[in-house]
Amino acid sequence: MTGSLWGLFWATAALILIGVYLSWTAGRLDRLHSRIDAARAALDAQLLRRASVAQELATAGVLDPAASIVLYQAAHAARQAEEEQREVSESELSQALRAVFAEPPQVEAVRQAPGGEESLGELNQAVRRVPMARRFHNDAVRAARAVRTHRVVRWFRLAGHAPFPLAFEMDDEPPSALADPTSH
């Protein structure tokens, strides 16, 4: 009887340890999903800021009419895009920004216009923050995916009904003329 009590004790201890591990893993996964949500909100805010600044710059009258139209349409499309088209629209805005600000003389012309220096400063900040926000988001997605691929997580369905996290893939390369320190 004493042997069977010890066996029962060890079996109970093992079940408790397994339960603690599963609970810890589920909590970790929940924290990772929360981190993804926070990173996505930050990314959305940076993308909206970039599109808003681009739209303001396009309507400020400091660009030539063709550049204004290209930039305005791309920024408007990025702001209005449905979730399924968001990556494509944001990539198109990046391409429009690179096309409009491809040459340092264009940047200098905007800088010389009234309010141009402030507008370019805001745009430069917005353009620089998007890749960082996207990197933070995608790092959080990678971490959650790594945990979700473990067998224990799948067997015990520790992710619940949360959708499988997806990275946000877009072209976020900034315009080279904005990055050029000699153009300041």
Side-chain angles (χ1 to χ4, degrees), residues 10-58 70-102 122-179:
W10 288 115
T12 304
L15 284 175
I16 289 172
L17 286 176
I18 290 170
V20 167
Y21 172 74
L22 291 176
S23 175
W24 176 81
T25 303
R28 179 175 176 221
L29 197 52
D30 185 51
R31 287 188 300 279
L32 286 171
H33 282 127
S34 294
R35 190 172 128 203
I36 289 171
D37 291 343
R40 182 57 188 248
L43 175 61
D44 287 343
Q46 292 306 324
L47 292 171
L48 180 62
R49 183 170 186 264
R50 180 181 78 149
S52 298
V53 170
Q55 219 170 8
E56 286 176 23
L57 193 59
V70 167
L71 193 57
Y72 181 84
Q73 287 177 340
H76 181 71
R79 289 182 69 169
Q80 301 298 317
E82 296 292 326
E83 193 58 38
E84 307 82 46
Q85 293 298 314
R86 187 94 188 267
E87 293 171 347
V88 172
S89 295
E90 294 294 347
S91 293
E92 289 172 354
L93 177 55
S94 295
Q95 293 164 4
L97 285 165
R98 283 197 306 273
V100 169
F101 296 106
E122 283 184 52
L123 181 63
N124 198 14
Q125 280 184 350
V127 164
R128 299 275 167 242
R129 289 179 179 165
V130 166
M132 287 187 295
R134 190 173 73 84
R135 201 167 316 125
F136 287 136
H137 175 267
N138 289 349
D139 287 347
V141 166
R142 266 190 293 284
R145 281 180 164 185
V147 172
R148 286 187 67 157
T149 58
H150 291 127
R151 284 187 198 130
V152 172
V153 172
R154 289 191 323 262
W155 288 344
F156 289 97
R157 300 181 193 273
L158 297 179
H161 297 290
F164 196 74
L166 299 174
F168 193 88
E169 298 300 334
M170 65 171 273
D171 173 3
D172 59 8
E173 184 181 333
S176 58
L178 283 179

Rounded distance (nearest 0.5 Å) linking atom CD of Glu87 with atom CG of Asp171: 12.0 Å

Show which side-chain atoms of residues 15-25 pair as donor or acceptor with protein atoms under 3.5 Å away, not counting sequence neighbours.
from: Thr25; atom 1: OG1; to: Tyr21; atom 2: O; distance (Å): 2.9

Counterpart residues, side-chain hydrogen bond (donor to acceptor under 3.5 Å, both in side chains), relative to Arg35 (two or more places apart): none

side-chain contact (heavy atoms from CB on, under 4.5 Å) involving Ala77 - partner list, sequence neighbours excluded: none

Evaluation steps, side chain to side chain contact (heavy atoms under 4.5 Å, CB included), between Leu47 and Val130: CA-CA 6 Å; Leu47 292 171; Val130 166; 3.6 Å; yes

Pairwise side-chain hydrogen bond (donor to acceptor under 3.5 Å, both in side chains) hits with a residue in residues 137-150, at least two apart: His33-Arg148, Asp139-Arg142

Spacing of Leu43 atom CG and Asp172 atom CG [to the nearest 0.5 Å]: 9.0 Å

Atom pair CZ (Arg128) and CG (Leu123), whose distance is rounded to the nearest 0.5 Å: 9.5 Å

Atom of Pro175, atom of Val127 and distance for their closest heavy-atom approach: CD-CG1, 3.8 Å

Partner residues of Arg151 under the side-chain contact (heavy atoms from CB on, under 4.5 Å) criterion, sequence neighbours left out: Arg154, Trp155

Nearest heavy atoms of Ala75 and Ala51, plus distance in Å: CB-O, 3.5 Å

Ser52: partners by side-chain contact (heavy atoms from CB on, under 4.5 Å), with sequence neighbours left out: Leu48, Arg79

Partners meeting salt bridge (charged side-chain N to carboxylate O under 4.0 Å, His left out) with Arg49 (sequence neighbours left out): none

Those residues that, when tested against Glu169, pass salt bridge (charged side-chain N to carboxylate O under 4.0 Å, His left out) (two or more places apart): Arg134

Partner set under salt bridge (charged side-chain N to carboxylate O under 4.0 Å, His left out) for Glu83, not counting sequence neighbours: Arg40

From CD (Glu122) to CG (Leu57), nearest 0.5 Å: 9.5 Å

Least distance between heavy atoms, Ala54 atom then Leu93 atom: CB-CD1, 4.2 Å

Option passing side chain to side chain contact (heavy atoms under 4.5 Å, CB included) with Arg86 (candidates Glu84, Glu82, Glu90): Glu90

From Arg50 atom CZ to Ser94 atom OG, the distance as rounded to the nearest 0.5 Å: 3.5 Å

